[in-house]
**Student:** 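Handing you this structure, nothing more for now.
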Number of protein chains: 2
Amino acid sequence: MRAVIPYKKENAKSRLSSVLTLGEREEFVELMLKDVLNTLSKADVNKIDILTTSIYGVADDIETNVIVSELGLNEVLNQYLTKISEPVMIIMADLPLVTKRHIREITASDKDVIIVPGRGGGTNILYIKDPTHFHVKYYGSSFRTHCDIVKDMSQSIYVYDSFLASIDIDEPQDLVELLLHGHGMAKDYIKQKFDIEVSKERVKLSSAL
Amino acid sequence: MRAVIPYKKENAKSRLSSVLTLGEREEFVELMLKDVLNTLSKADVNKIDILTTSIYGVADDIETNVIVSELGLNEVLNQYLTKISEPVMIIMADLPLVTKRHIREITASDKDVIIVPGRGGGTNILYIKDPTHFHVKYYGSSFRTHCDIVKDMSQSIYVYDSFLASIDIDEPQDLVELLLHGHGMAKDYIKQKFDIEVSKERVKLSSAL
């Protein structure tokens with residue numbers, strides 16, 4: 001099997017711009033990518049490709065294979081899938097809460113396709129045993145779309161139920177989850193800058209002083 | 001073992017008032033309670049207490065034992081725990097996505113306390129093997145607080161990692177999760193009223209017409 005990580009550094013995570021500057025967001029996404037790479041490595045996934053729009057966006061100390069393409073997310077992934085003849089895990093770069101246990105449980109499933117839903121209808125991880133005839137369609141309600149695609153192909157699907165793997169880091173509230181449940185470099189970075197603020201009903205982000 | 005469900009019908013779920021009327025919210029919380037009761041029943045949990053502030057808030061067709069108290073959530077639960085001499089599961093009434101698999105896996109753990117985190121630092125389910133000396137502290141970052149309480153008692157804890165069980169229904173966006181991943185009466189009720197609206201980046205609630 002192999003894993004592929006779509007990744008974009010330039011002006012990444014604009015929905016975090018209320019709490020992090022452009023430079024900070026670019027640092028932060030790189031740390032999240034490194035966390036995902038470390039997790040895959042701990043789970044003994046060694047064949048990894050990073051799909052990105054610019055070679056300059058991937059730090060020199062990342063030794064993973066990098067594929068550069070100007071295509072959009074779905075186009076580049078679908079082109080990639082036609083060339084792969086082994087099981088492939090598409091895992092997003094903004095999942096610093098994923099652990100090696102998740103990766104191992106996902107790859108241990110005997111179903112044809114394993115999908116990890118994110119909040120709001122997203123697809124956080126997609127593990128496809130036979131990618132040659134598969135196609136992906138991210139954005140919008142991709143969870144439902146991917147389930148439909150699997151069904152249309154008469155393949156079997158397993159929906160992997162994990163809170164930690166459901167959390168992709170897009171908005172300030174997601175950083176609260178990272179602080180509460182995280183580990184790794186991205187969590188340490190955010191911990192230097194923020195704390196959690198507890199009111200009666202909710203938990204919010206506050207500055208770390 | 002037994003389960004206890006804190007429940008309040010009157011003016012419930014005010015954060016849903018932008019999409020549901022008072023009457024609808026009261027109908028809806030009752031259906032969520034019934035879903036939770038059904039799930040417990042399917043998992044062979046038969047000793048159940050509903051803790052509520054008014055006997056009139058619990059529908060006649062619910063045959064579960066009802067304990068009425070004017071005390072606040074923490075006070076009533078802590079009073080309750082002192083009287084229980086068997087393992088007890090505190091499960092919230094707004095968890096219509098919980099399934100019997102979750103209940104079975106939680107009760108099968110050999111740890112002293114099993115906690116199911118909700119988003120934003122909440123505690124959705126707490127399973128306490130020896131409740132007599134335990135105390136709870138809901139609201140705010142109760143997940144962290146409960147972990148600290150367990151640690152202070154030198155007991156072992158298992159954090160149960162489930163996306164479905166992490167979703168307590170508080171806000172309109174949570175109804176999207178119910179529509180996408182739900183089953184049961186609460187889901188059917190919401191499905192009659194709403195649909196999901198898909199834009200490029202997000203999935204939102206829209207009226208079902």
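Numbers restart at 1 for each chain; the letters A, B, ... are given by sequence-line order, proteins then strands.
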**Student:** Locate the shortest heavy-atom distance separating A:R144 from B:L179; write the atom from each residue and the value.
**Tutor:** NH2-O, 3.7 Å
**Student:** Pick whichever of B:S166, B:S162, B:C147 has the most heavy-atom pairs under 4.5 Å with chain A.
**Tutor:** B:S162
**Student:** Counting only heavy atoms not in B:K8, do more than 12 sit closer than 6.0 Å to its NZ atom?
**Tutor:**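 Counting other residues, nucleotides and ligands, NZ of B:K8 exceeds 12 neighbours.
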**Student:** If you count heavy-atom pairs under 4.5 Å with chain B, which of A:D174, A:V116, A:I167 comes out on top?
**Tutor:** A:D174
**Student:** Between B:G118 and A:F163, which heavy-atom pair has the shortest distance, and what is it?
**Tutor:** O-CZ, 3.9 Å
**Student:** Among A:Q173, A:E177, A:H102, which residue forms the greatest number of heavy-atom pairs with chain B at distances under 4.5 Å?
**Tutor:** A:E177
**Student:** Provide the closest heavy-atom pair for B:V198 versus A:S141 in the form atom of the first, atom of the second, distance.
**Tutor:** CG1-N, 3.4 Å
**Student:** Which bit of B:F143 comes within less than 4.5 Å of chain A, counting heavy atoms only: side chain, backbone, both or neither?
**Tutor:** side chain
**Student:** Does a side-chain heavy-atom distance below 4.5 Å link B:D161 with A:R101?
**Tutor:** yes
**Student:** Can you confirm whether B:K129 is buried at NZ, in the sense that more than 12 heavy atoms of other residues, nucleotides or ligands lie under 6.0 Å from that atom?
**Tutor:** yes
